[in-house]
Novice: 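This structure is in structure tokens; I'll ask about it shortly.
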Amino acid sequence: MTVDVAGPIPGRVDLQEALREIRRAANPKPFSPATVNFCAAFSAALQRDAEARLFPELKVLAFHLRRAAVAELQRQFECLDSGDCILVPRGLVFHIPPANVDTIFIYSWVLAALTGNSNIIRLSSRESPQTSILLRIFGETARATRSDELLSTTLFLRYGHDRSVTAAISSETDLRVIWGGDHSVNDIRSVPLPPHAREVTFPDRSAMSAIRATAYLEAHAPERADLASRFYNDTYWFDQAGCSSPRLLVWVGRPEACAAASQSFMAELEAQIELREYRLSTGAFLRKLTFAYDAVANGGISSYNSPSNELCVLSLENLKMFRRDHPGGGLLFECLTGALSDLVEIIERRDQTLTYFGFAREELTAFARSLNGRGLDRMVPIGEALNFHRYWDGYDLLQEMTRRVHISGAPAAADCHPERYLLQQKVT
Amino acid sequence: VTFDDLMHCPPFSLDHPSKRAVLLEELNALTKWHRARCVPYRRLLERIWPAPAESLEDVPYVPVGLFKSQRLSSVPDEEIAVTLTSSGTTGQAVSRVYLDRVTAQRQTLTLGHIMGHLLGPKRIPMILVDTRSLMKDSSQFSARGAGVLGMMNFGRDHFWALDENMQLDLEGLRRFVARHGNSPFLLFGFTYMVWQHLYKQIADSGISSEMNLENGILIHSGGWKKLREEAVDNDEFKRRLRAATGLRRVYSFYGMAEQVGSVFLEGDDGYLYASNFSDVIIRDPVTWKETPTGVPGVVQTISMLPLSYPGHSILTEDLGIVHGIDDSTCGYRGKRFSVLGRVPRAELRGCSDTHAYGSQA
């Protein structure tokens, strides 16, 4: 069975042979200087590259890979790797990223690579400019930095819906990471893994936003514009189709305050849409229009407000009429409520992100405690919904990519003279 | 002016100003009618279209996709005589259109009235460019089946030109032409079927010279997507058919399962025209106001026929253009327009789409 290799060195390989080779290669040490240096060089190359600079999501990726960001990650990793446990790579990680968010495969790769794993990344047969640019710069950087270790432990494969390829790779995998919708997760999950292997899945998720009405009304004009700008980024960056892009906006406070805040906020948001010249295609608009009409026809919607193709706001009479099966493209459900805790009853396991404005840490902590696992994996300020983080979907990815080796009972070397050793044996 | 009055006028006789007045009155009455009888429709009016329409362009419309997700019926279940289904383009969800006897009859009468304009009052021999196996289950019609069945009314001595495998019955066609070919006869089929299975099989089999369909009147309808891929437009379609079969009278019509009956018919000049029972409004895809003549936009279709479901004003997913108003050179009144194809489908984005893994075997 031969498979196309999209990078780091494009070509075609015999799959069995490639799997043997990558298994034979020694895993790098976590945060090995070679891998850390590669990330910094890759980040710099992304920032320099004229083609890459056309895509804002690649700029963000470059920012996350810069030397200081990797150093911070390393510091966090070293906190985990202390005391009685040391962290070691799991071995071979098999990444199945989504076809349509073009940077996730690199984010997924970088955490696994920095923690010392070998990596096989499955890319869909659909190519995108962003993916091609990333693979090109990745290859160039690997050659320029002579990252032989990385080259022998990284394989970007491009193949279509071929279950036998997925099965062959899975059989050699220590950790399988599946990004994508419920459907893909269920389907790939049915492909067996070795008994010891683990799986990390990122199924369909949903996001919402909460703003304290009084906090918004107290904000001055520049702050309001800034908040709308940050909300715009969260919502419109991936046409509101990203899992972490909010689809419900909850106003918390007294009804009059909520109404006034909403009115001002929507005008600010519409101004942002115009400022950024965001345009929805007619096809996407018609799909959104049809969904919005369907929601209104079902009842439970107290108002329909669509100042432009790019923004449509459906006010909920009842929080339970919120629908997560949403076409995106600038459709917001909105509701007014007295307290954050009113949300508890509608939150489900698939609700991932709450973006917020105007709440204190204690309130958010209390809210998370009252949810007690019903849902929500992260609460971030408005504007940070799409920021990649080691904590994602309730996982600590640094931890997931590694195994803990527990070392118990042995005294420190300094304490290891015979008398002390014997003494300790007696005591314990 | 009522439906019955219009049945007594020639079908393309109202000029644009008169038609706007007639349709506005009828459509406002229909909006009120459906508001009182269809709960989901009433909710739409209350939230999205609170003000009554003062001009035809203000009449509330529903996006055509809503027939896929909502049960839009204005009659009690026991009065539903036929449910039309149509898959549309997405290939997944299905449109459902609920017809009672009255609406079905209005559709049949209107279609007959419009087709009578081309065919005259008498039934003529008819070739169906389709397969007989289409007609299996009569309680749930596909749009294709309903379209064929509706058109069958206008012919006699029906000949089904294709077998179940879409092969042209050449022998049967020869016999039909030998028997009926010297006076007018009707051919009906979907545009792509006519092209792929009638035209191509005749042209490829090299029997063009002996296949004389010059007395035929071909009426066809359906999407142009596949023909456009072969760079065949309406003019080319007609030119090639004429060269291969001698067919001179070829007319397309534009219609949809959600508004059966009030079809838009091609004139001798190659443009589409709305009958007295219907109209199109071309809307700017940003402002959603009517575009000026000559500027393309999204097609809204209106029809005074639907009583059993709120489909009297529909925003389609088609693009169209009005070329002129009341300026036809072939005797039609009203808007002279073309349909330009589908609004391009929105590209999927987002992270909940790894790679349509479920489609793999």
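Proteins come first, then strands; the chains are lettered A, B, ... in the order of their sequence lines, and each starts at number 1.
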Novice: Compare all side-chain heavy atoms of Gln352(A) with those of Ser206(A) and state whether any distance is below 4.5 angstrom.
Specialist: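 No; the side chains remain at least 4.5 Å from each other.
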Novice: If you count heavy-atom pairs under 4.5 Å between each of Val343(B), Leu66(B), Ile48(B) and chain A, which one has the most?
Specialist: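 Highest number of heavy-atom pairs under 4.5 Å: Ile48(B).
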Novice: So which part of Phe291(A) gets closer than 4.5 Å to some heavy atom of chain B, the side chain, the backbone, both or neither?
Specialist: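 Neither the backbone nor the side chain of Phe291(A) comes within 4.5 Å of chain B.
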Novice: Less than 4.5 Å to any heavy atom of chain B: does that hold for the side chain of Asn186(A), its backbone, both, or neither?
Specialist: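 It is neither, since no heavy atom gets under 4.5 Å.
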Novice: Please flag which part of Asp294(A) lies under 4.5 Å from any non-hydrogen atom of chain B: side chain, backbone, both or neither.
Specialist: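 Contact with chain B: backbone and side chain both.
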Novice: Heavy-atom pairs under 4.5 Å with chain B are the metric here; pick the option from Pro327(A), Ser302(A), Ser308(A), Pro203(A) that has the most.
Specialist: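 Of the candidates given, the most pairs with chain B belong to Ser302(A).
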Novice: Is it the backbone or the side chain of Thr282(A) that comes under 4.5 Å from a heavy atom of chain B, or both, or neither?
Specialist: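 Both parts, backbone and side chain.
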Novice: Which atoms of Pro285(B) come close to chain A, meaning under 4.5 Å heavy atom to heavy atom: side chain ones, backbone ones, both, or neither?
Specialist: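 For Pro285(B), backbone and side chain are both near chain A.
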Novice: So for Leu72(B), is it side chain, backbone, both, or neither that comes closer than 4.5 Å to the heavy atoms of chain A?
Specialist: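 Neither part.
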Novice: Between Ser245(A), Ala297(A), Ala284(A), who has the most heavy-atom pairs with chain B when the cutoff is under 4.5 Å?
Specialist: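 Of Ser245(A), Ala297(A), Ala284(A), Ala297(A) has the most heavy-atom pairs under 4.5 Å with chain B.
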Novice: Using a strict cut-off of less than 4.0 Å between a Lys/Arg side-chain nitrogen and an Asp/Glu carboxylate oxygen, indicate whether Arg47(B) and Glu317(A) qualify as a salt bridge.
Specialist: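 Yes, Arg47(B) and Glu317(A) are salt-bridged.
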Novice: Would you please name every residue forming a side chain to side chain donor-acceptor pair (under 3.5 Å) with Glu46(B), sequence neighbours left out?
Specialist: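 Glu46(B) satisfies side chain to side chain donor-acceptor pair (under 3.5 Å) with Arg42(B) once adjacent residues are dropped.
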Novice: Which residues pass the side chain to side chain donor-acceptor pair (under 3.5 Å) test with Ser55(B), sequence neighbours left out?
Specialist: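 If we apply the side chain to side chain donor-acceptor pair (under 3.5 Å) test to Ser55(B), skipping adjacent residues, the hits are Glu57(B), Asp58(B).
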Novice: Is Glu290(B) salt-bridged to Arg283(B), cutoff N-O under 4.0 Å?
Specialist: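 No, Glu290(B) and Arg283(B) are not salt-bridged.
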Novice: Please flag which part of Ile301(A) lies under 4.5 Å from any non-hydrogen atom of chain B: side chain, backbone, both or neither.
Specialist: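 The backbone, not the side chain.
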Novice: Whether Arg336(B) engages the ring of Tyr273(B) as a cation-pi pair (distance to the six-membered ring centre under 6.0 angstrom, angle to the ring normal within 45°) should be assessed.
Specialist: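 No, a cation-pi geometry is absent between Arg336(B) and Tyr273(B).
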Novice: Classify the angle between the aromatic ring planes of Trp49(B) and Tyr61(B) as parallel (below 30°), tilted (30 to 60°) or perpendicular (above 60°).
Specialist: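 Rings of Trp49(B) and Tyr61(B): perpendicular, over 60°.
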Novice: Between Val39(B) and chain A, which part of the residue has a heavy atom less than 4.5 Å away: side chain, backbone, both or neither?
Specialist: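 For Val39(B), neither part sits under 4.5 Å from chain A.
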Novice: Given side chains that start at C-beta, do those of Phe238(A) and Leu386(A) come closer than 4.5 Å, heavy atoms only?
Specialist: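 Of all side-chain heavy-atom pairs linking Leu386(A) with Phe238(A), at least one is under 4.5 Å.
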